[in-house]
Amino acid sequence: WLSSVLPGMPSSLSWDKTRTLARIGVPVELRGEVWAACIGNIHSVQTSDFKRGLENFATTADCPGATEIAVDVPRTRFGRAKANGLALTRVLQAWCAFRPDRGYMQGLSYVAGMLLLVMPEQQAFVSLTNLLQREYFVPFFSLDTTALLSNWRAVCVGLKMSDESLLRYFAKVGYSLDVVLVDWWMTLFAKDFDHALVCRLWDCILVEGESFILRATLAILLVLRPHIVSAPLEVVCRVMSEPAKLVNINQVFSMLRAIPLRTSHARDILSSSPPHE
C-alpha cells in the first residue's frame, strides 16, 4: 500500500495487485488513508466547505434533515463500535447544507459513521461528499424506483446464474429481495452486518466499485442459503432482517471465490439489467 498503491492513486485502482491487496484487507492503521484515496476528491471539496456548511445549517430555519439526523445519530452503531455522535451530527449537517437538493435520507448516518471511525471529521466530510455524489447513490436520493428495481433485477440475474434453486425458493414463499436490498445497498452493508465484515467489504467496494456490491450480495445470500431453504416465510424474513448473526468474514470471502459470476460479468449485468416487470 505505502510503496506503490497509495502513491499511484487513482491509476492504481485498476491494478490487479490493488484488488488482491483489498481482498486480503487494508491494514487497520492505513484504512482511513486508503479509503480517502480510493474515494478521491473529484469535486474539489475543501475544509472551508465543511465550516461554511455548518454555519449555513445553523442559520437556516427548519433546515431539511435536522429532525431525521437527530433521530438517527444516537442509534447508529457498528456492533461495539460507535462513531462520535457530535462529529457524526456535524458531518451530516454540513452535507445537508452543501447539497440541500439531496439532503438527508435515513441510513446515511451509517455511511458517514463508517468514515468517521477511520478518519477525522473534516476528511470524513470531504470523502462523504464525494462518495454521495457518485452516480450509484442518485436513485436512493431521488427514489428512482425504475433504477432501484433494476438493481433488484441485477441481483436476481446474478442469483439465477449462481444458485437458481435459491431464487426459486424466495419466489415460492413469497419473499421479495427488494425488502432488504435498499438497506444493504444504500448503506453499503454498514447497517445490517458485523463491523469487521463491513470494513473488509468496503475495502473491496472502494477499490472495485459497484460490481463488487453485486458479487458481495450474492455471496451473502449463498452463505444464508442453509437457513432459508425449507424455512417458512416468517423464518426467511427473520434471517434476512438479522443476517449479522449468521454471516462472517471467512464465509463471505470463501463464497466470493466460489461463485461463478466474475467482476466483468457483474459490471455487464448492472449496466444492462432492465427494470423488473
Side-chain angles (χ1 to χ4, degrees), residues 19-20 22-26 77-81 107 110 114 148-270 273 276:
R19 295 181 180 181
T20 299
R23 295 289 178 90
I24 295 170
V26 177
R77 303 190 65 90
F78 306 91
R80 295 180 180 179
Y110 286 90
M114 284 290 295
L148 294 174
L149 286 173
S150 184
N151 289 342
W152 172 47
R153 175 64 173 170
V155 173
C156 291
V157 171
L159 195 55
K160 185 175 182 179
M161 294 177 56
S162 304
D163 190 336
E164 189 171 0
S165 64
L166 179 56
L167 182 62
R168 287 198 303 266
Y169 192 78
F170 279 127
K172 178 182 177 181
V173 298
Y175 184 84
S176 180
L177 286 168
D178 63 328
V179 174
V180 296
L181 284 183
V182 170
D183 254 8
W184 289 12
W185 283 37
M186 198 276 285
T187 66
L188 302 179
F189 305 103
K191 180 181 176 184
D192 296 294
F193 295 89
D194 176 73
H195 181 61
L197 170 60
V198 175
C199 286
R200 289 286 300 279
L201 293 176
W202 275 48
D203 291 343
C204 299
I205 290 168
L206 295 179
V207 168
E208 298 186 35
E210 188 176 341
S211 62
F212 187 85
I213 299 173
L214 174 57
R215 297 187 71 246
T217 299
L218 298 175
I220 289 167
L221 291 173
L222 293 176
V223 170
L224 292 172
R225 187 187 194 283
H227 306 281
I228 293 170
V229 174
S230 299
L233 178 59
E234 57 268 25
V235 174
V236 174
C237 291
R238 184 165 63 249
V239 167
M240 295 297 292
S241 64
E242 300 176 351
K245 301 176 181 179
L246 304 169
V247 175
N248 63 47
I249 293 174
N250 292 334
Q251 291 172 315
V252 172
F253 278 83
S254 293
M255 192 63 71
L256 276 164
R257 290 189 290 270
I259 60 176
L261 186 67
R262 300 295 94 193
T263 298
S264 58
H265 200 172
R267 289 198 197 99
D268 293 340
I269 291 173
L270 286 165
S273 181
H276 182 72

Before giving the answer on side chain to side chain contact (heavy atoms under 4.5 Å, CB included), spell out for Glu208 and Arg23 the whole-Å C-alpha distance, their side-chain angles and the decisive distance to 0.1 Å.
-> CA-CA 10 Å; Glu208 298 186 35; Arg23 295 289 178 90; 2.7 Å; yes
Apply the test side chain to side chain contact (heavy atoms under 4.5 Å, CB included) to residues Met161 and Ile259: give CA-CA distance (whole Å), side-chain angles for both, the deciding distance (0.1 Å), then the verdict.
-> CA-CA 9 Å; Met161 294 177 56; Ile259 60 176; over 6 Å; no
Assess whether side chain to side chain contact (heavy atoms under 4.5 Å, CB included) is satisfied between Leu197 and Phe253, documenting all intermediate values.
-> CA-CA 9 Å; Leu197 170 60; Phe253 278 83; 4.2 Å; yes
Verdict with supporting geometry, Val157 and Lys160, side chain to side chain contact (heavy atoms under 4.5 Å, CB included) | CA-CA 5 Å; Val157 171; Lys160 185 175 182 179; 5.7 Å; no
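Here the CE atom belonging to Met255 is positioned 5.0 Å from the CG atom belonging to Leu222, to the nearest 0.5 angstrom. Considering NE2 of His227 and CD of Glu242, their distance stands at 12.5 Å, rounded to 0.5 Å. Of the inter-residue distances, the one linking Asp183 atom CG with Asp192 atom CG reads 5.0 Å to the nearest 0.5 angstrom. Put simply, CG on Leu246 and CD on Gln251 are 8.5 Å apart, with the number rounded to the nearest 0.5 Å. A distance of 8.0 Å separates CZ in Arg200 from CG in Asn250, rounded to the nearest 0.5 Å. We find the CG-CD1 distance between Leu214 and Ile205 to be 11.5 Å, quoted to the nearest 0.5 Å.
No side-chain heavy atom of Val207 sits under 4.5 Å from any side-chain heavy atom of Phe212. Residues Leu188 and Leu201 are not in side-chain contact: their nearest non-hydrogen atoms beyond the backbone lie 4.5 Å or more apart. Between Val155 and Trp185 the shortest side-chain heavy-atom distance falls below 4.5 Å. Between His195 and Met114 the shortest side-chain heavy-atom distance falls below 4.5 Å. Looking only at side-chain heavy atoms (C-beta outward), Phe193 and Val252 stay at 4.5 Å or farther from each other. Residues Phe170 and Cys156 have side chains not in contact (no heavy-atom distance under 4.5 Å, counting atoms from C-beta outward). No side-chain heavy atom of Val182 sits under 4.5 Å from any side-chain heavy atom of Asp178. A 4.5 Å side-chain heavy-atom check between Leu221 and Met240 finds at least one atom pair inside the cut-off.
Of all heavy-atom pairs between Gly107 and Met186, the closest is CA-CE, 3.5 Å. The shortest heavy-atom contact between Ala22 and Cys204 is O-SG, 3.5 Å. Shown here for Asp194 and Ala244, the closest heavy-atom pair between the two residues is N-CB, 3.8 Å. Among all heavy-atom pairs drawn from Pro243 and Ser241, the shortest one is CD-C, 3.3 Å.
Arg257 and Ser254 share a side-chain donor-acceptor pair at under 3.5 Å.
Under the 30°/60° scheme for interplanar angles, the aromatic rings of Phe78 and Tyr110 are found to stand perpendicular.
Under the 3.5 Å distance criterion, the side-chain polar atoms of Tyr169 are matched with a main-chain donor or acceptor of Ser230. When atom types are taken as modelled, the side chain of Arg215 and the backbone of Leu256 share a donor-acceptor pair closer than 3.5 angstrom.
For Trp202 and Phe189, the ring centers sit 6.0 Å or farther from each other.
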